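A quick write-up on the structure given underneath.
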Amino acid sequence: MKFGGSSLADAERIEHVAQLIKSQIAIGNRPAAVICSAMGKTTNNLLNAGDFALEGRVNVDALRTLHHTTIKEFDLGQHVADDITELLNELENMLNGVKLLQELSPRSLDMLVSFGERMSIRIMAARLNQIGVPAEAYDSWTIGMITTSEFGDARVLPSSMEKIKNTFSNKIDPNTVAIVTGFIGHTESGKITTLGRGGSDLTATTIGAACSLDEIQVWKDVDGIMSCDPRMVRSAVPISRVSFEEAAELAYFGAKVLHPIAMMPAMEAQIPVRVKNSYNPSHPGTVINKDRDNENLVTAITCKRDIQLIDITSTRMLGAYGFLSKVFNTFEKHKLSVDVLASSEVSVSLTLDKKSSVYKGHPLCDDLGDIANIDVKEGKAIITLITDIKRSSEVLATVFKVFMEKGIEVEMLSQGASKVNISFIVSDSLVESAIHSLHMCFFEEQCEITMPTNDKEV
Ligand SMILES: Nc1ncnc2c1ncn2[C@@H]1O[C@H](COP(=O)(O)OP(=O)(O)O)[C@@H](O)[C@H]1O
Ligand SMILES: N[C@@H](CC(=O)OP(=O)(O)O)C(=O)O
């Protein structure tokens, strides 16, 4: 069972989760492990504290108050309070170091944000013990979570699987619930790393896969994966079943509900992942499994906002070979990751992953300058429909009908590389209108989709 920050926002929410775990154990569903994210917005607050330290201000009062108030509300005792104070003091010392050195490297940032999860597991384990559920807190590296050293976006090393399995088989008492830090790990040399924002989902699927569990549960503040971001479309509806591939594409193309690569360990081990709502535990949530099992034309709609569209037009003669290879080698050289792509004989249009950006005079433009003209367009968005692309004509007919009615121009379209998504690049200013209209059409039966019959011409 993995509980995200939204399920652990304060003492009341932690109590709710502790009781939920206890009630699951009472009906025979003992979790092998409980993975916890940091409480509420703690990770963001730690990142802000780092920025403030760079500006010369060190202040961890809000973090002290949140964690110590929670401890006091449960009356968890001096031992737990001392453990948390020790971590907060270590955090404060670190921030004083940042202030002095005026340096906050990706490695230091990972160390900085790790304090959130390191505190939340200790509080959760203490509360469970207090209500009669034997539990022990584990920093993930102590159970075998070893990662690469790409600070801020580390990958779990394959050797972790065996280590985690051995820990659970030989070192953890099966009658004790292991409460494990999500999101963080160690390099082989013992440096703290993070798995990217939202990475606790990946910790959960890694442990679930390593231990060959029956199900991995990811508990959030929504009734599962929804047809659209419920903050954008209030009428979004929960989806009961999606495939691993659909869930991964949905996450990659902007749905904040899951970490983009969290599906991989579960997919490889063929273990279903269930997304559930800790605020509404009786709701069955969404089951993510091997096959698509959805009658709907479209499973879900998502978007990535405020991205760049780059048009690269070859200045060489038509038919000259090596153009695409030069383009992609140059992107590799500059470590720029591409999201969506369309190409013709002499040009390539692509969008960059949000973490990357290119500007006029960027070294990429210099490197490609001798073979191509580069045009960087800002303020674009990718709208992605998760769908069965065997039915792409139906989907495209409907989407373009909606876009025509709303006056939305599609600047680029990509379909086919993935078997489950169709992406449209539009102006960012039109995203909300486009998504609302598409949602009404595909999920609220509020548009007429006239499909051609056999005897009519298409
Ligand atoms: N398609 C979607 N389905 C469900 N939730 C979504 C979707 N797109 C975005 N979200 C947002 O993701 C949030 C849950 O993810 P997150 O906040 O990371 O949870 P947690 O911190 O509990 O892991 C929801 O509150 C919702 O606003
Ligand atoms: N606390 C980390 C890791 C995480 O997974 O959080 P959440 O489960 O609340 O999305 C973050 O905010 O990125």
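Order of appearance sets the numbers: ligands from 1, and atoms from 1 within every ligand. Excluded from the calculations below are hydrogen atoms, water molecules and symmetry mates; all remaining heavy atoms, backbone and side chain alike, are included. Fair warning: this is a prediction, and the values are worked out from it, not measured in the lab.
- Arg127 has a carboxylate O that lies under 4.0 Å from a charged side-chain N of Glu15, or vice versa, which qualifies the two as a salt bridge.
- Atoms of ligand 1 found under 4.0 Å from any heavy atom of Gly4, numbered from 1 in the order shown, are 20 (P), 21 (O), 22 (O), 23 (O).
- A salt bridge does not link Glu215 to Lys276: none of the charged side-chain nitrogens sits closer than 4.0 Å to a carboxylate oxygen.
- Looking at Arg197 against ligand 1, nothing comes within 4.0 Å, counting heavy atoms.
- Lys256 O, 3.6 Å is the protein heavy atom nearest to atom 18 (O) of ligand 1.
- Within ligand 2, the atoms closer than 4.0 Å to a non-hydrogen atom of Gly5 are 7 (P), 8 (O), 9 (O), numbered from 1 in the order shown.
- Under 4.0 angstrom from ligand 1, the non-hydrogen atoms of Cys228 all belong to its backbone.
- Of the polar atoms of Glu117, at least one N or O is found under 3.5 Å from an N or O of ligand 2, judged by distance alone.
- Counting protein heavy atoms only, atom 10 (N) of ligand 1 is closest to Asp229 OD1, 3.8 Å.
- Residue contacts with ligand 2: Lys41 is excluded, as none of its non-hydrogen atoms falls under 4.0 Å.
- Salt-bridge annotation for Glu150 and Arg155: absent, with no side-chain N of the basic residue lying under 4.0 Å from a carboxylate O of the acidic one.
- Listed here is the closest heavy atom pair of Glu136 and Ala125: C-CB, 4.1 Å.
- At a distance under 4.0 Å, a protein heavy atom can be found next to atom 8 (N) of ligand 1.
- An N or O contact shorter than 3.5 Å is missing between Ser6 and ligand 2 by distance.
- Under a 4.0 Å criterion applied to the non-hydrogen atoms of Arg197, ligand 2 contributes the atoms 11 (C), 12 (O), 13 (O).
- A side chain to side chain contact (heavy atoms under 4.5 Å, CB included) with Phe253 is found for one member of Val340, Ile386, Ile301 and no other, namely Val340.
- The closest donor-acceptor contact from the side chain of Gln102 to the backbone of Lys99 lies under 3.5 Å.
- Taking any N or O of Leu250, backbone or side chain, none lies under 3.5 Å from an N or O belonging to ligand 1.
- The CG atom of Asn421 sits 8.5 Å away from atom CG of Leu385, with the distance rounded to the nearest 0.5 Å.
- Between Asp139 and Arg122 there is a salt bridge, since a side-chain N of the basic residue sits under 4.0 Å from a carboxylate O of the acidic one.
- At under 3.5 Å, a nitrogen or oxygen of Arg231, whether backbone or side chain, sits near a nitrogen or oxygen of ligand 1.
- On a distance-only criterion, Lys2 and ligand 1 share at least one N/O pair closer than 3.5 Å.
- Residue contacts with ligand 2, taken as heavy atom pairs separated by less than 4.0 Å, involve Ser37 solely via side-chain atoms from C-beta onward.
- The shell of residues lying under 4.0 angstrom from ligand 1, judged by heavy atoms, excludes Ser37.
- Here His259 has no heavy atoms under 4.0 Å from ligand 2, in either its backbone or its side chain.
- Summarising the geometry of Asp201 relative to His259, their closest heavy-atom pair is OD2-N, 3.1 Å, with the distance given to 0.1 Å.
- Here the heavy atom of the protein found nearest to atom 20 (P) of ligand 1 is Ser6 OG, 3.5 Å.
- Counting only distance, with no hydrogens or angles, the side chain of Thr193 and the backbone of Gly185 share a donor-acceptor pair below 3.5 Å.
- Between Arg305 and Asp428 there is a salt bridge, since at least one side-chain N of the basic residue sits less than 4.0 Å from a carboxylate O of the acidic one.
- The atoms of ligand 2 that sit less than 4.0 Å from any heavy atom of Gly4 are 8 (O), 9 (O).
- The shell of residues lying under 4.0 angstrom from ligand 1, judged by heavy atoms, includes Gly5.
- For the pair Thr387 (side chain) and Leu297 (backbone), a donor-acceptor distance under 3.5 Å is present.
- Protein heavy atom closest to atom 5 (N) of ligand 1, with residue, atom name and distance, is Val257 CB, 3.5 Å.
- Formation of a donor-acceptor pair under 3.5 Å by the His436 side chain with backbone atoms of Glu432 is found in this model.
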Please assess Arg64 against Asn59 for the test side chain to side chain donor-acceptor pair (under 3.5 Å), listing each intermediate value before the final yes or no. CA-CA 10 Å; Arg64 269 190 205 281; Asn59 186 340; over 6 Å; no
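- Residue Gly224 places a heavy atom less than 4.0 Å from ligand 1.
- Atoms of ligand 1 lying under 4.0 Å from at least one heavy atom of Ile225, given by number and element, are 3 (N).
- Ring geometry for Phe3 versus Trp219: interplanar angle under 30°, hence parallel rather than tilted (30 to 60°).
- The closest approach between a heavy atom of Gly116 and any atom of ligand 2 is not below 4.0 Å.
- With hydrogens left out, the protein atom closest to atom 4 (C) of ligand 2 is Ser200 OG, 3.4 Å, a heavy atom.
- When each atom of ligand 2 is checked for a heavy atom of Lys2 under 4.0 Å away, the hits are 8 (O).
- Of the protein's non-hydrogen atoms, Asp221 OD1, 3.9 Å is the one closest to atom 13 (C) of ligand 1.
- Protein heavy atom closest to atom 10 (O) of ligand 2, with residue, atom name and distance, is Gly198 CA, 3.8 Å.
- Taking the charged nitrogens against the carboxylate oxygens, Lys304 and Asp339 do have a contact shorter than 4.0 Å, which makes a salt bridge.
- In this structure, the protein non-hydrogen atom closest to atom 4 (C) of ligand 1 is Met226 CG, 3.3 Å.
- Remark: ligand 1 and Lys220 share an N or O pair separated by less than 3.5 Å (distance only, no angle test).
- Using a distance-only test at 3.5 Å, with no hydrogens or angles considered, a donor-acceptor pair links the side chain of Thr205 to the main chain of Ala262.
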